[in-house]
Amino acid sequence: MIEFQLDTASGVATYLQLVQQVRHALQLGILEPGDQLPTAQQVVGKLAINPNTVLKAYRDLEREGLVRARPGQGTFVVGSFPGTDPAAQARFLASMADWLRSARSAGLGPDDIEAIYRTAFRNCFAEGVA
């Protein structure tokens with residue numbers, strides 16, 4: 001089951017963060033059709049957010065055809081995205097681990113590394129690279 005995390009500094013609406021995390025988990029094969037999402041009550045208890053926020057995210061995912069609510073049972077994944085090649089993911093993960101080790105060796109802390117990553121990510125999208 002997916003465990004949602006919130007980034008309060010991201011500027012992204014809470015419900016959109018939940019939607020994005022489900023979509024990413026589907027793209028990476030972490031979630032598959034048949035998997036159950038946490039109940040709204042579980043998400044509210046863990047993240048201390050409004051239940052309507054969770055319900056809005058789940059409704060958006062349902063409109064996209066990715067999940068379906070089953071009354072009295074929960075919300076289940078029914079759709080998927082074409083998965084990425086597991087070998088490509090493993091290669092990328094290895095290169096990211098090397099990059100992180102190099103950054104730590106250079107004396108950069110977690111906050112520095114995250115700031116650099118976010119900047120690079122934004123720049124790539126702005127330039128149309130990613």
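We count residues from 1, following the sequence as given.
The backbone N or O of T39 sits less than 3.5 Å from a side-chain atom of Q42, completing a donor-acceptor pair. No donor-acceptor pair closer than 3.5 Å links the side chain of T53 to the backbone N or O of I49. For the pair T119 (side chain) and A115 (backbone), a donor-acceptor distance under 3.5 Å is present.
A single hydrophobic cluster is seen to contain both I2 and V19, as judged by linkage of ILVMFWY side chains at heavy-atom distances under 4.5 Å, directly or through other members. Under the 4.5 Å side-chain contact rule for hydrophobic residues, L6 and V54 share a cluster. Linking ILVMFWY side-chain heavy atoms closer than 4.5 Å, directly or via other members, places L100 and F92 in a single hydrophobic cluster. Hydrophobic cluster membership is shared by L37 and L47, with clusters built from Ile, Leu, Val, Met, Phe, Trp and Tyr side chains linked at under 4.5 angstrom.
Looking at every heavy atom in both residues, P110 comes nearest to R104 through CD-NH1, 3.3 Å. The minimum heavy-atom distance between A57 and L18, with the atom names listed, is CB-CB, 3.8 Å. The two atoms that bring Q36 and M1 nearest to each other are O-CG, 3.6 Å, heavy atoms only. Considering all non-hydrogen atoms of both residues, Q20 and V12 come closest at OE1-CG1, 4.0 Å. In plain terms, the two heavy atoms of K46 and F4 that are nearest each other are NZ-O, 3.3 Å. Closest approach of A40 to L55, counting heavy atoms only: CB-CD2, 4.0 Å.
Using a 4.5 Å cut-off on side-chain heavy atoms (C-beta onward), I116 and W99 make contact. Here the side chains of E62 and V78 are not in contact, with every heavy-atom distance at 4.5 Å or above.
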Walk me through whether V77 and L66 qualify under side chain to side chain contact (heavy atoms under 4.5 Å, CB included). CA-CA 6 Å; V77 175; L66 299 175; 6.0 Å; no

Apply the test side chain to side chain contact (heavy atoms under 4.5 Å, CB included) to residues N50 and V44: give CA-CA distance (whole Å), side-chain angles for both, the deciding distance (0.1 Å), then the verdict. CA-CA 6 Å; N50 188 307; V44 167; over 6 Å; no

Could you walk me through whether Q17 and Q5 pass the side chain to side chain contact (heavy atoms under 4.5 Å, CB included) check? CA-CA 8 Å; Q17 289 186 50; Q5 307 290 322; over 6 Å; no

Evaluation steps, side chain to side chain contact (heavy atoms under 4.5 Å, CB included), between F76 and D35: CA-CA 6 Å; F76 293 83; D35 289 344; over 6 Å; no

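Under the 4.0 Å criterion applied to side-chain N and carboxylate O atoms, R118 and D7 are assigned as salt-bridge partners.
One finds the CZ atom of R91 at 15.5 Å from the CE atom of M96 (value rounded to the nearest 0.5 Å).
No more than 12 heavy atoms of other residues, nucleotides or ligands lie within 6.0 Å of CD in Q41, so this atom counts as exposed by the packing criterion.
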